[in-house]
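One structure below.
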Amino acid sequence: MFKQNFNMHVFWWILVSSVNILLLDIFYETIYLNDISTSIFSVGNILVAVLVRNELILHLLYRLAVWTSVKIVYGKYYLNSGVHYIGGVHASCATWGFLWLIVDVFQQLGNPSDPLSMATSSDPISIVTSSILLTLLFIIILTAIPPFRHKFHDTFEISHRYLGWTCLSILVFHQIRFQFIIAFNQAYPLETLLTNPVLLMIALMIFSIFLPWISVQCFDNFRMDCPSVGVLVVTLPGRADVGTFARISLDGIEWHSFSVAGTSFNKQTDSSEIHLIIGAVGDWTKNLIRQVEKGNWPKRLWVRRVKPPGFMFSINAYSRVVVIATGAGIAPVIPHVIENSHKLCIVWIANEHKQTYGEKLWSLLDSHPRCNIFDTGMHGRPNVEQLALGAVRDFRAQAVFCVSNKVVTEKVVKTCLEKGISAYGATWDS
């Protein structure tokens, strides 16, 4: 039986915190580590926080989890949800990176018995960069606390994006400068900087952050269509695997993620295309749909070439699953209907499915032998949790995947986990 509200996010916090507390205990037992140790711990934590958000790393982790899950009987949920809740590693490592940076700054500026510390403590540049870096990191962590993040999501996104870039720049300048100071004060050969662990980690961090931006594509040959009010279908060139999502932007600055609803081959352009189904659920999507309905298409669309997996990719780890989708949440289910139809039992809850989402999509789902199409316009709002449990019982499913809003997803996942059923849904941790 799974514990109520169990998720791997808490596990990652405990694991990361345990490792760092152990290091902190060693630090205090030895009173002072050497000049580079605290920098390694600080930059190392921040590096891990950055790497686990890299699209290529996510690709590798999801594929490894699914590949392993296919070969084992027990532990599939923990393995796959461990990747799904990788945001716990990001948050905990970023927090501990901040705490270690405080220790690092004290080590650099506040140790009167260390000649190097005394030299840097009288350096105004070191004092200014340290103060700004700690202040900005504190603001980022503060705005990322779940209650604040959910209530002021736009503020969270802006602070994470712009303050994050600023912190990276200051951190790079601060640490590179400090490592050079160490080399000069302690008469190390400058060649040792080429193998300096802090500088190597900073280089890897910069590469990881810039890599997705190198692969950004800008399209003007995309199509947008509104089959009904509040629903937008975007078709653009590219390829994508089942269970992945695409990050798109109208200006190359503000990015939004949407599950890939399908792929096709355009004979006219002799190229592959991907399709996104977007519902009007936020300010950005509502404004975009409103403009398209008026005929005001955006002139360009920026798309990241790397399309990482989402939690729906973990369907590949099971042989029989129930998928609960509400409204436009059916989008990430469509590729699985085409590729993995035999392992799916689908419950699609929406209002006037055929009129809202079009004849083609409705026919695809209606023809599926195990698809329960629930029309809220005719039958009212159902008890989604009971529908999920009933489908699991009838189909003898191994897991439940829910694609819906936050309230419904949390109810379905919580109910299933309480019954000992593996359940997955969006985490809203970013």
Side chain to side chain, T326 and V403, heavy atoms closer than 4.5 Å: no

Heavy-atom check, side chain of L168 versus side chain of V172, under 4.5 Å: yes

Apply side-chain contact (heavy atoms from CB on, under 4.5 Å) to residues F41 and W96 and explain how you reach the verdict. CA-CA 9 Å; F41 299 151; W96 275 102; over 6 Å; no

Does NZ belonging to K343 count more than 12 external heavy atoms closer than 6.0 Å? yes

Hey, does V198 have a side-chain heavy atom less than 4.5 Å from the side chain of I202? yes

Would you compute the distance between atom CD1 of I57 and atom OG of S208 and round it to the nearest 0.5 angstrom? 6.5 Å

So do the side chains of W213 and R304 get within less than 4.5 Å of each other, counting heavy atoms only? yes

Gap between atom OG1 of T129 and atom CG of L134 - 0.5 Å precision: 9.5 Å

So which atom in N340 and which in L344 form the shortest heavy-atom distance, rounded to 0.1 Å? O-CG, 3.4 Å

Can you name the nearest heavy-atom pair linking E55 to P212, along with the distance? OE1-CG, 3.2 Å

For the residue pair H84 and Y62, establish whether any side-chain heavy-atom pair is separated by less than 4.5 Å. yes

CZ/F219: more than 12 non-hydrogen atoms of other groups inside 6.0 Å: yes

Sub-4.5 Å side-chain heavy-atom contact between S404 and I324: no

Residues L365, H353; criterion side-chain contact (heavy atoms from CB on, under 4.5 Å); working and verdict: CA-CA 10 Å; L365 273 299; H353 303 69; over 6 Å; no

NE2 (H174) and CD1 (I132) are apart, to the nearest 0.5 Å, by 11.5 Å

Give me the ring orientation class for F401 and Y318: parallel if the planes are under 30° apart, tilted from 30 to 60°, perpendicular past 60°. perpendicular

Roughly how far apart are Y357 OH and I277 CD1, rounded to 0.5 Å? 8.5 Å

Do you know which of F311, Y85, Y77 makes ring-ring contact (aromatic ring centres under 6.0 Å, His included) with Y424? Y77

Would the number of heavy atoms belonging to other residues, nucleotides or ligands and lying under 6.0 Å from CZ of R239 be above 12? no

Hey, could you give me the CG/CG distance between N20 and D25, rounded to the nearest 0.5 Å? 12.5 Å

Give a yes or no answer on whether the side chain of T376 reaches the backbone of R381 with a donor-acceptor pair at less than 3.5 Å. no

Can you find a pair of side-chain heavy atoms, one from L301 and one from M224, that are under 4.5 Å apart? yes

Under 30°, 30 to 60°, or over 60°: which ring-plane class applies to H256 and W284, parallel, tilted or perpendicular? parallel

Close side-chain approach of F245 and F313, heavy atoms under 4.5 Å: no

Does the S42 side chain pair with the main chain of G97, one donor and one acceptor, at a distance under 3.5 Å? yes

Hey, mind stepping through L361 and H275 against side-chain contact (heavy atoms from CB on, under 4.5 Å) and telling me if it holds? CA-CA 12 Å; L361 180 57; H275 309 281; over 6 Å; no

Ring centres of W165 and F210 under 6.0 Å apart? yes

In Å, rounded to the nearest 0.5 Å, how long is the span from CG of L171 to CG of L136? 11.5 Å

F207 atom CZ, neighbour heavy-atom count above 12 within 6.0 Å: no

Apply side-chain contact (heavy atoms from CB on, under 4.5 Å) to T427 and H9, showing your working. CA-CA 9 Å; T427 60; H9 188 96; over 6 Å; no

